[in-house]
Amino acid sequence: MDGPSTSTSPGDPAGETPFRYDAALAARIEARWQDRWEAEQTFAAPNPAGPWADPEAVAARGEKLFVMDMFPYPSGAGLHVGHPLGYIATDVHARYQRMRGRNVLHTLGYDAFGLPAEQYAVQTGQHPRTTTEANTAAMRRQLRRLGLGHDARRSISTIDPEFYRWTQWIFTQLFDSWYDEGALRAGGPDEASLGRARPIAELVAELDAGTRALPPRPDGRTWAELDAVERRRAVDEHRLAYVSSAPVNWAPGLGTVLANEEVTADGRSERGNFPVFKRPLRQWMMRITAYADRLVADLDRLDWPEPVKTMQRHWIGRSQGAVVDFALAGPAAASSAERLQVFTTRPDTLFGATFLVVAPEHPALDGVPAAWPDAVPPAWTGGAAAPADAVAAYRAYAAARTEAERTDEGREKTGVFTGLRATNPATGEALPVFTADYVLSGYGTGAIMAVPGQDQRDWDFAARFGLPVVRTVAPPEGWEGEAWTGEGPAVNSSGDGISLDGMGVDEAKAAMTAWLSQHGAGEARTTYRLRDWLFSRQRYWGEPFPIVYDSDDLPHAVPDHLLPVELPEVPDYSPRTFAPDDVTSEPEPPLARLPEWVEVTLDLGDGPQRYRRETNTMPNWAGSCWYELRYLDPANTTALVDPEVEAYWMGPRGPRPDGQPDTGGVDLYVGGVEHAVLHLLYARFWHKVLHDLGHVSSEEPFRRLVNQGYVQAHAYTDARGQYVAAEQVVAVGDGFTHEGEPVTQEYGKMGKSLKNVVTPDDMYAAFGADVFRLYEMGMGPLDASRPWETRAVVGSQRFVQRLWRNVVDETTGAPVVVDQPADPATRVLLHRTIAAVGADYEQLRFNTAIARLTELNNGLTRLTAVPREVAEPLVLMLAPLAPHVAEELWSRLGHEGSLAHEPFPVADPALLVEETVTCVVQVAGKVRDRLEVPADIAEGELRERALATAGVQRALDGRGVRTVVVRAPRLVNVVPA
RNA sequence: GCCCUCGUAGCCCAACCGGCAGAGGCAGGCGCCUUAAAAGCGCCGCAGUGCGGGUUCGAGUCCCGCCGGGGGCGCCA
């Protein structure tokens with residue numbers, strides 16, 4: 001091993017200690033080991049089958065472990081010290097488990113398609129591929145310098161055609177599938193779970209055979225009576241990936257449509273903060289709603305942070321209630337609809353429904369009466385001469401509002417009478433039907449029964465329009481508020497063969513639902529807040545759809561052998577954007593500007609035909625929906641993953657601790673909580689589809705999820721409120737100054753705009769990667785956010801330096817450990833440390849593991865000579881956290897190979913047993929004395945000795961003793977009379 | 001408005017099933033080494049756990065109500 005010959009450390013200008021562990025020496029050690037790991041493929045994980053099949057190597061290792069990070073987006077901004085936090089944590093876990101003998105799969109890919117990459121490219125005037133690949137290369141270099149023990153062979157990039165070939169293939173699987181609600185599903189918590197995806201060909205076969213019928217059509221025709229094109233259109237409505245013309249989120253300022261999940265609560269785009277409008281546009285959708293129930297239910301079988309589960313449950317928003325049919329009455333009989341169906345979670349309040357409200361987009365509004373009925377209050381008509389005029393005016397008003405304006409809660413209710421009346425099935429009363437934008441077209445049936453007595457929104461509307469209120473749940477004594485939404489006995493709720501009066505809410509709901517079913521006026525219904533996933537984007541930098549349209553405008557999947565559909569070069573990759581508030585603009589995908597690409601001749605089985613390619617691209621979530629599977633078998637050219645390989649790394653195991661069947665999935669997935677509903681919900685959905693279709697054995701992609709906290713940093717503003725460079729700020733007394741001027745301390749995310757960025761490269765240069773890793777892991781628990789403090793990093797450096805000096809001579813680089821046995825106290829300390837550190841690693845408590853290792857190391861510092869029997873296990877225990885310096889010391893201690901696969905030290909149980917312990921003697925819960933007692937002391941004896949102590953006698957001061965609580969051998973509590 | 005989280009020493013954090021509030025680090029103080037210095041060495045810990053109640057022999061830990069920080073949802077019938 002060649003020593004550093006040319007450079008000397010800053011603290012050693014004379015060059016007398018060339019082997020002092022400083023940043024320069026760390027840099028040389030780290031580079032050397034990184035090269036060696038790469039050359040020796042130290043972290044390559046063998047596969048049991050597939051192109052890399054090496055079953056003997058698999059058999060030679062222990063149980064498998066699949067560890068993953070949420071892969072990075074290679075942005076142009078580069079990394080700051082917050083980004084690697086999770087990567088270091090998974091690396092420590094993976095390295096520890098590798099030393100425990102596990103066959104560990106850990107790698108990292110790049111999520112490189114998407115809007116920000118495209119925007120960055122547009123800004124810099126370069127092709128997105130150029131900037132994205134440069135950013136990826138820069139990030140790879142920064143992360144390699146960190147010493148992550150990844151299997152580099154398995155790294156993927158979503159923009160690689162060999163990768164997105166399979167993204168497109170999965171899309172064709174979704175396109176070629178439908179969800180059969182009635183099909184039996186194997187596995188799952190219940191033996192006879194129903195509902196799974198099936199190939200669309202099976203649906204066609206069943207329709208052909210007559211064993212399944214289409215849902216009733218408006219024209220009343222059956223499958224057999226349809227022509228070929230009509231049949232295709234009917235089938236297309238069942239696909240999991242389908243084209244829809246429903247209202248979608250259109251952001252003119254971005255030039256693209258967005259998924260619900262990408263629109264913020266105030267109705268703007270998450271990217272760019274542009275206004276978003278609801279527009280009916282022809283778009284690709286994913287039928288994620290078919291999986292709503294399973295996506296909720298299976299959360300119970302995942303080891304995920306409770307907040308993430310809660311967010312997903314909330315987002316899916318399962319609510320149980322009933323649909324109720326109201327017959328349309330009077331002049332409206334002319335309209336096409338005969339009845340109006342509403343959804344309610346409170347069927348028990350039906351007797352209190354005094355009017356109905358439909359969304360402005362509701363189809364019933366197409367058939368309103370020609371004239372107002374007699375005696376219509378002027379306030380209801382909106383000043384219009386006839387219902388059709390009033391409705392048209394209101395629809396125009398609603399359409400011009402953004403989602404945010406429509407759903408602003410503080411706003412006064414608006415609406416207009418439709419001229420329609422509908423009969424309450426319980427009371428027989430004809431109720432007026434209004435349209436109002438507080439009712440949403442996409443939820444439930446787009447129509448509600450308004451019960452002002454039990455719903456504040458309805459109360460507000462009723463108050464505005466002078467509508468009656470009937471309370472059907474008695475509010476508590478002295479209630480002076482408006483709508484009462486709580487518990488109470490039902491009142492005013494008797495009618496045709498039913499009385500709910502006196503029942504509690506739950507009982508009344510059940511009784512009313514049963515009555516509705518019996519009378520054909522409604523039934524129980526579960527609805528979800530979750531909507532289908534809008535999957536197309538009018539963007540360049542994404543996966544092209546593997547779809548072509550024929551001369552009848554019917555979509556066809558591009559066959560497997562023609563995948564991937566490569567993203568073509570375009571003269572201009574910028575999307576066409578519009579004024580942010582230009583509601584009437586139409587999306588224009590960049591790919592549509594390439595007629596020679598769009599028009600294509602293909603043979604899809606019936607001879608060469610002309611087809612037109614789909615010109616939308618996929619959203620940037622597509623690649624992250626399944627990338628974990630490709631890590632398993634990245635070289636496989638015949639399948640996205642070999643089934644045996646998938647079963648090995650991700651397949652279900654035995655029952656969970658709670659007795660439910662295991663879902664399978666990645667053993668540990670670490671990432672930020674910001675992906676709680678987007679990526680994690682989409683990925684679960686695709687995984688379940690692949691599971692249903694038999695491509696994967698696991699039911700879920702990620703069995704265990706941990707959210708890492710954020711690294712935040714102080715930022716400073718001057719008197720004008722401008723941010724100043726945080727690194728130049730000095731603490732003065734109670735405050736801070738920048739170039740002598742006082743500044744104000746703030747706290748927030750690290751970023752250019754706050755001028756408080758610290759990069760990993762800064763840390764490598766000043767301390768080296770190992771010290772940086774130790775500092776990041778030592779700051780606190782993985783899931784806690786913590787403030788970055790560069791000046792505190794020196795603590796981690798001192799630790800490594802002390803360890804280095806305990807093992808190596810700073811002048812010669814030779815080991816200084818002795819082969820004499822350790823003294824008993826040191827040996828006991830070592831074994832207690834081994835036990836504690838092992839437990840800490842198991843539970844990802846790296847901060848406390850570091851504390852224990854520091855404690856042991858400090859203990860060795862006090863010895864005149866460090867025994868090898870302590871130094872070696874200490875080096876091994878430190879290896880997951882600070883792998884380079886550990887390898888270096890291991891090597892200087894005389895070992896040939898890497899320690900990456902050395903067994904982790906095991907504590908000697910005999911040395912963990914304490915012979916004597918300190919017993920705390922309390923009186924009335926306050927510590928009054930202490931006793932050194934044998935660890936196995938009998939309860940009775942301990943009681944006697946405790947009562948005899950001076951402290952107890954003094955505290956009792958003559959009082960008697962009521963009871964004595966003895967928790968041998970550690971505690972006695974004397975309770976005075 | 002509802003839901004989820006977190007409040008321990010100047011700062012970051014430990015404290016297992018309720019059982020001595022302190023493992024580790026930063027900063028600070030004292031001393032050592034040094035001509036001088038430090039990213040060197042050694043030593044130094046009275047904060048009763050945000051506030052107020054409660055349960056218990058005993059509460060940082062469990063329960064209730066507030067206060068403060070962070071996050072999610074948002075007219076979803």
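The figures that follow rest on heavy atoms only: side chains count, while hydrogens, waters and symmetry mates do not. Bear in mind the structure is a predicted one, so any value in this text is a computation, not a measurement.
- Nucleic acid contact for A792(A): sugar-phosphate only, since backbone atoms but no base atoms lie under 4.0 Å from a heavy atom of the residue.
- With P as the reference atom, A23(B) and C30(B) are 25 Å apart, rounded to whole Å.
- Note on D458(A): nothing from the nucleic acid sits closer than 4.0 angstrom, heavy atoms only.
- The distance between atom CH2 of W788(A) and atom P of C26(B), rounded to the nearest whole Å, is 15 Å.
- With a glycosidic angle more than 90° from 0, G68(B) adopts the anti conformation.
- If you take NE2 of H362(A) and C1' of A77(B), they are 13 Å apart, rounded to a whole angstrom.
- Remark: the separation of the C1' atoms in G52(B) and A59(B) is 15 Å, to the nearest Å.
- Formation of a donor-acceptor pair under 3.5 Å by the W788(A) side chain with backbone atoms of H714(A) is not found in this model.
- Separating the C1' atom of G48(B) from that of G19(B) is a span of 16 Å, rounded to the nearest Å.
- Within the shown strands, C67(B) is the pairing partner of G7(B) under the Watson-Crick or G-U definition, both distances less than 3.5 Å.
- C6(B) and G10(B): their P atoms are spaced 23 Å apart (whole Å).
- Put simply, CZ on F461(A) is 19 Å from P on A77(B), counting in whole angstrom units.
- Using P as the reference atom, G70(B) and C12(B) are 15 Å apart when rounded to the nearest Å.
- Backbone-only engagement by T344(A) is indicated by non-hydrogen atom pairs under 4.0 Å involving sugar-phosphate atoms exclusively.
- Scored by the side chain to side chain donor-acceptor pair (under 3.5 Å) test, T526(A) finds no partners at all (sequence neighbours excluded).
- In this entry A15(B) has no Watson-Crick or G-U wobble partner, no candidate having both defining distances under 3.5 Å.
- Put simply, CZ on R529(A) is 9 Å from P on A77(B), counting in whole angstrom units.
- Where S796(A) and A447(A) each meet RNA chain B at their nearest nucleotide, the meeting point lying more 5' is that of S796(A).
- Put simply, the side chain of T833(A) reaches to within 4.5 Å of the side chain of M877(A), judged on heavy atoms.
- A parallel orientation is assigned to the rings of F461(A) and F355(A), their planes being inclined by less than 30° (bins at 30° and 60°).
- In the set G72(B), A77(B), A39(B), the nucleotide with an atom closest to the side chain of M311(A) is G72(B).
- Checking side-chain atoms of R773(A) against main-chain N and O of P880(A) turns up a donor-acceptor pair under 3.5 Å.
- If you check C20(B) for Watson-Crick or wobble pairing at under 3.5 angstrom, you find it has no partner at all.
- In this structure, the CG atom of L803(A) is 21 Å from the P atom of A39(B), given to the nearest Å.
- Here G71(B) presents its P atom at 16 Å from CD of Q708(A), a figure rounded to the nearest Å.
- E674(A) and Y710(A) share a side-chain donor-acceptor pair at under 3.5 Å.
- Nearest to the side-chain atoms of S319(A) among the listed nucleotides A77(B), G24(B), A39(B) stands A77(B).
- For G40(B), the OP1/OP2 oxygens have no side-chain nitrogen or oxygen of R802(A) closer than 4.0 Å.
- Using a 4.0 Å heavy-atom criterion, one finds that R531(A) contacts the bases of the nucleic acid, with or without backbone contacts as well.
- Partners of T527(A) according to the side chain to side chain contact (heavy atoms under 4.5 Å, CB included) rule, which considers only residues two or more places apart in sequence or in another chain, are S319(A), F343(A), Y443(A), R525(A).
- Distance H714(A) NE2 to A27(B) C1': 13 Å, rounded to the nearest Å.
- Taking the side chain as every heavy atom from C-beta outward, L340(A) and H362(A) approach each other to under 4.5 Å.
- You'll find that the side chain of E855(A) is closest to G24(B), out of A77(B), G24(B), A39(B).
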Using a cut-off of 4.0 Å between protein heavy atoms and nucleotide atoms, how would you tag nucleotides 12-21 of chain B 5' to 3' with B, S and -? SSS----BB-
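- Rounded to whole Å, the separation between the C1' atoms of A14(B) and G25(B) comes to 11 Å.
- A sub-4.0 Å separation between OP1 or OP2 of A39(B) and a side-chain N or O of R791(A) is absent.
- G50(B) and U8(B) have their P atoms separated by 6 Å, given to the nearest Å.
- With RNA chain B read from its 5' end, the first of the two nearest nucleotides for T310(A) and H314(A) is the one closest to T310(A).
- With both ends at atom C1', the span from G53(B) to A15(B) equals 25 Å, rounded to whole Å.
- The distance between the ring centers of Y394(A) and Y397(A) falls below 6.0 angstrom.
- For C62(B), the O4'-C1' to base torsion is more than 90° from 0; the nucleotide is therefore anti.
- The only option from N857(A), D770(A), L774(A), V800(A) that meets the side-chain contact (heavy atoms from CB on, under 4.5 Å) definition with L878(A) turns out to be L774(A).
- Rounding to whole angstrom units, CZ of residue R313(A) and P of C3(B) are separated by 16 Å.
- When both pairing distances are held under 3.5 Å, C43(B) makes a Watson-Crick or G-U pair with G29(B).
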